Amino acid sequence: MTLSYHDEIEIDASADDVWAVYSDVEHWADWTASVAEVRFVDGDHVAMGARVHIRQPKLRPGVWTVTAVEPARSWTWHTRLPGMHTTGIHTVEPLGTHGARVHQTIEHRGPLGAIFGRLYGRLTRSYLAMEANGLKQRCEAHART
């Protein structure tokens with residue numbers, strides 16, 4: 001069974017500018033309270049095979065591995081715990097020359113994934129919204145300067 005949570009937001013900044021902020025994962029804690037720390041374990045940017053340690057409030061820290069990248073457009077990463085596989089999908093869609101739509105998806109799979117997904121659904125939705133709004137504020141502030 002798979003449980004999925006989605007969020008999207010339109011940002012008044014170019015897709016390239018949004019990608020630059022969004023894919024700079026080590027600085028997520030600067031613009032969203034849903035993340036306490038992000039640091040690369042292997043690699044130094046979002047690229048195939050890069051591994052990233054993420055610490056979030058109320059959640060167990062985990063290492064996420066990048067499994068797909070479309071430069072300046074999207075990336076997917078995964079983390080595993082016994083009985084659970086979680087996938088995060090991040091997409092930046094251009095909206096003309098001065099706008100972008102960001103899509104975020106979290107999928108929980110596996111026998112414990114379904115249980116975790118249900119127990120933490122409200123927190124997951126909250127964190128996705130915090131990340132979307134924080135990204136919007138950061139990108140639009142940079143676009144104005």
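What you are looking at is a predicted structure, and each value in this text was computed from that prediction instead of being measured.
- Considering only residues two or more places apart in sequence or on other chains, Trp19 meets the ring pair (Phe, Tyr, Trp, His ring centres under 6.0 Å) condition with Trp75.
- The hydrophobic cluster containing Val35 also contains Val52, counting ILVMFWY residues as joined when their side-chain heavy atoms lie under 4.5 angstrom apart, directly or transitively.
- Taken to the nearest 0.5 Å, the OG1 atom of Thr67 stands 6.5 Å off from the CE atom of Met48.
- Between Ala29 and Ala36, the shortest heavy-atom distance links the atoms CB-O, 3.7 Å.
- Leu123 and Ile106 fall into different hydrophobic clusters, where Ile, Leu, Val, Met, Phe, Trp and Tyr side chains are chained together by heavy-atom contacts under 4.5 Å.
- For the pair Asp24 (side chain) and Ala20 (backbone), a donor-acceptor distance under 3.5 Å is absent.
- No donor-acceptor distance shorter than 3.5 angstrom exists from the side chain of Glu37 to the backbone of Arg55, with no hydrogens or angles considered.
- Between the side chains of Glu93 and His103, at least one donor-acceptor pair of N or O atoms lies under 3.5 Å.
- Not one N or O on the side chain of Glu107 forms a donor-acceptor pair closer than 3.5 Å with the backbone of Leu3.
- Using a 4.5 Å heavy-atom threshold, the side chains of Val46 and Val25 count as touching.
- In this structure, Val18 and Cys139 have side chains that are in contact, with non-hydrogen atoms separated by less than 4.5 Å.
- The cluster map of Ile, Leu, Val, Met, Phe, Trp and Tyr, joined by side-chain heavy atoms under 4.5 Å apart, puts Leu59 and Met130 in the same cluster.
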Determine whether Tyr127 and Thr32 satisfy the following criterion, side-chain contact (heavy atoms from CB on, under 4.5 Å), listing intermediate values before the conclusion.
CA-CA 9 Å; Tyr127 280 4; Thr32 181; over 6 Å; no

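- In the hydrophobic clustering of this structure, Leu128 does not group with Trp31; members are Ile, Leu, Val, Met, Phe, Trp, Tyr whose side-chain heavy atoms approach within less than 4.5 Å, directly or through other members.
- Arg73 and Thr91 share no side-chain donor-acceptor pair at under 3.5 Å.
- A donor-acceptor pair is defined here as one N or O able to donate and one able to accept, closer than 3.5 Å; such a pair exists between the side chain of Arg138 and the backbone of Asp30.
- Looking at Arg101 and Ile9, their side chains never come closer than 4.5 Å, going by heavy atoms from C-beta outward.
- Between the side chain of Thr124 and the main chain of Tyr120, a donor-acceptor pair closer than 3.5 Å is present.
- Looking only at distances, a side-chain donor or acceptor of Tyr5 sits under 3.5 Å from a matching main-chain atom of Gly117.
- The closest donor-acceptor contact from the side chain of Glu140 to the backbone of Asp12 lies under 3.5 Å.
- Here the straight-line distance linking atom CG of Leu135 with atom CH2 of Trp28 works out to 8.5 Å at 0.5 Å rounding.
- Aromatic ring pairs are classed by plane angle as parallel below 30°, tilted from 30° to 60° and perpendicular above 60°; the pair Phe116 and His108 is perpendicular.
- You'll find the side chain of Ser34 reaches within 4.5 Å of the side chain of Glu131, heavy atoms only.
- Closest non-hydrogen pair, Ala33 versus Pro57, comes out as O-CG, 3.6 Å.
- With hydrogens and angles left out, the side-chain atoms of Thr105 and His6 include a donor and acceptor closer than 3.5 Å.
- No side-chain heavy atom of Arg109 sits under 4.5 Å from any side-chain heavy atom of Met84.
- Considering all non-hydrogen atoms of both residues, Thr86 and Trp64 come closest at CG2-CH2, 3.5 Å.
- Looking at Leu95 and Glu10, their side chains come closer than 4.5 Å, going by heavy atoms from C-beta outward.
- At a threshold of 4.5 Å between non-hydrogen side-chain atoms, the residues Val21 and Asp17 do not count as touching.
- For His90 and Trp77, the ring centers sit closer than 6.0 Å to each other.
- A heavy-atom distance below 4.5 Å is found between the side chains of His53 and Pro61.
- At distances below 3.5 Å, not a single donor-acceptor pair connects side-chain atoms of Arg51 with backbone N or O atoms of Phe40.
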